[in-house]
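The structure appears below as structure tokens.
Lettering of chains follows the sequences in order, A, B, ..., and the numbering in each one begins at 1. Values in this document were obtained by computation on a predicted structure and should not be read as measured data.
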Number of protein chains: 2
Amino acid sequence: MLKLAILGFLHDRPLHGYELRRHLAALTGHVRPISDGTLYPAIKRLESDGLLVRETEPGTAAAPRHTLHLTEAGRAALLDRLREPEALDVSDENRWFTLLAFLRHLDNPADQAAVLRRRLAFLAEPASFFYEGERPLGAEEFADPFRRGLLLIARATTEAELTWLRETLAELDAA
Amino acid sequence: MLKLAILGFLHDRPLHGYELRRHLAALTGHVRPISDGTLYPAIKRLESDGLLVRETEPGTAAAPRHTLHLTEAGRAALLDRLREPEALDVSDENRWFTLLAFLRHLDNPADQAAVLRRRLAFLAEPASFFYEGERPLGAEEFADPFRRGLLLIARATTEAELTWLRETLAELDAA
DNA sequence: TTGTGGTACCTCGATATCGAGGTATGGTCT
DNA sequence: AGACCATACCTCGATATCGAGGTACCACAA
């Protein structure tokens, strides 16, 4: 989710649009750069919602350079979204991974752990992934090698995330 | 991509909208069911593009039941999309995984292998994933445990896919 | 000097999707 | 008989995003 990412980056420090664009691209390993037609309208919406303000840099004679600052409302909105449960059990991976990228902004480790626990509950829920009724689907069951591949990749991803979640929760709880 | 999935399912056999909806939900392990407001307009667009035709079932006295059939143009469009390179190096994972789910419809193993090879080239390309300039990012480099987790999960997914791609390509080439 | 490429910002139209609402029918359980 | 649920289809308004286009300015190279 773009707005969440924008708020997340501006929480660290003020940026202007172009820098924001580069940060956003780096978030996906430069695989999914965000388009201008997406970024600038999003900034405007956040601005008109009062979540950020822009300061035009006076010194620069060139094209106007707007430095974007998070407002207090913006900071609060970010923390709300990070804690908000709706985005978690949601299967929209992009939304969840974006949230994870900025989870550090929740300064309370217990809040962070609560978020991870909800995600863990969602992923570990047996009914959620590739079940045919009560029965889990085995990769063998797909005659089609491509469907089998899809299942194998999905499983590997889920396993990797579960492992990481359990380790990280153990560390958070120990701290 | 929804349209690709609709064409893919109808390639197997005619279905009506409701069945299609269940098939589409099953494709994501019932994690991301498609909404009616997405499905029915998509069907209409495909119909007006001449890619499918609907036959109203005469026997059913109840609500009109439309059986959707792929036309020849629809079949051709599906095969085109499956071969189309633009969707491959694209980093939109959903698009790629949807394509994979229906790759079996390309009846020529050499065509299938060509698609997998393009994907392999994209994934293996060193500049594509989580590089900071020339230097690959190590998980250790992230002080933030959540960003580290993100990288670990992304890597695990990529590794799983690469392994599967190489194995499957070997099998396809052997056949 | 002319071009190329990077910085920086913006708009427009098109498409995709969602969510919530609505309209039916038919079966099952109580 | 009434409640409830599954089947089956549809519309509407809102939002998100894309891609292509445009406007500047500046620096460096050919």
Side-chain angles (χ1 to χ4, degrees), chain A residues 1-7 14-28 30-49 51-52 54-68 81 86-87 90-95 98 133, chain B residues 1-7 14-28 30-49 51-52 54-68 81 86-87 90-95 98 133:
Chain A
M1 234 252 171
L2 180 58
K3 286 184 186 173
L4 177 61
I6 293 176
L7 296 176
L15 296 166
H16 36 259
Y18 209 75
E19 289 177 298
L20 206 40
R21 204 161 68 101
R22 273 190 283 112
H23 278 88
L24 289 164
L27 196 56
T28 59
H30 300 277
V31 175
R32 300 231 73 195
I34 194 71
S35 73
D36 280 2
T38 307
L39 175 61
Y40 288 101
I43 290 172
K44 281 209 171 156
R45 277 195 302 273
L46 289 172
E47 196 187 5
S48 63
D49 288 351
L51 304 186
L52 59 84
R54 69 176 70 200
E55 269 174 56
T56 306
E57 252 161 57
T60 339
R65 231 175 172 234
H66 308 295
T67 309
L68 309 170
R81 276 165 188 258
E86 73 158 315
V90 163
S91 43
D92 185 335
E93 299 296 331
N94 285 344
R95 206 186 216 93
T98 304
Chain B
M1 234 252 172
L2 180 58
K3 285 183 187 172
L4 176 62
I6 293 176
L7 296 176
L15 296 167
H16 36 258
Y18 209 76
E19 288 177 298
L20 206 41
R21 202 160 69 100
R22 274 191 282 110
H23 278 88
L24 289 164
L27 198 54
T28 60
H30 300 276
V31 176
R32 300 231 72 195
I34 193 73
S35 73
D36 281 1
T38 308
L39 175 60
Y40 288 103
I43 290 173
K44 280 209 171 157
R45 276 195 303 274
L46 289 172
E47 195 187 5
S48 63
D49 288 351
L51 304 187
L52 59 84
R54 68 177 71 201
E55 270 174 54
T56 307
E57 253 161 57
T60 339
R65 230 172 175 239
H66 308 294
T67 309
L68 308 170
R81 276 163 188 260
E86 74 160 314
V90 164
S91 44
D92 184 334
E93 298 297 329
N94 286 343
R95 208 188 214 91
T98 303

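- A:E19 meets the salt bridge (charged side-chain N to carboxylate O under 4.0 Å, His left out) test with no other residue; sequence neighbours excluded.
- A straight line from CG of A:L46 to P of D:dA16 spans 9 Å, rounded to a whole angstrom.
- Taking atom CZ of residue B:R95 and atom C1' of nucleotide C:dA16, one finds them 10 Å apart after rounding to whole Å.
- Atom CG in B:N94 sits roughly 18 Å away from atom P in D:dA16 (whole-Å rounding).
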Close N or O pairs between protein and nucleotides 17-20 of chain D (under 3.5 Å):
from: D:dC18; atom 1: OP2; to: A:T38; atom 2: OG1; distance (Å): 2.6
from: D:dC18; atom 1: N4; to: A:G37; atom 2: O; distance (Å): 3.2

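- Under the salt bridge (Lys or Arg N to Asp or Glu O under 4.0 Å) criterion, the residue pairs touching residues 33-47 of chain A are A:R21-A:D36, A:E47-A:R54, with sequence neighbours excluded.
- Contact check, B:K44 against D:dT11: a side-chain N or O comes under 4.0 Å of OP1 or OP2.
- For the atom pair B:L52 CG and B:I6 CD1, the distance stands at 7.5 Å (nearest 0.5 Å).
- The OH atom of A:Y18 sits 18 Å away from the P atom of D:dA24 (whole-angstrom rounding).
- At the phosphate of C:dC10, OP1 or OP2 sits under 4.0 Å from a side-chain N or O atom of A:R54.
- When all heavy atoms of B:Y18 and B:Y40 are compared, the pair lying nearest together is N-OH, 3.9 Å.
- Along DNA chain D, the nucleotide closest to B:Y40 and the one closest to B:R21 are compared, and the more 5′ of them pairs with B:R21.
- The side-chain heavy atoms of A:L68 and A:P14, taken from C-beta on, include no pair separated by under 4.5 Å.
- Look at CZ on B:R22: it is 12 Å from P on D:dA6, rounded to the nearest Å.
- In this structure, B:T98 contributes its side chain and B:N94 its backbone to a donor-acceptor pair below 3.5 Å.
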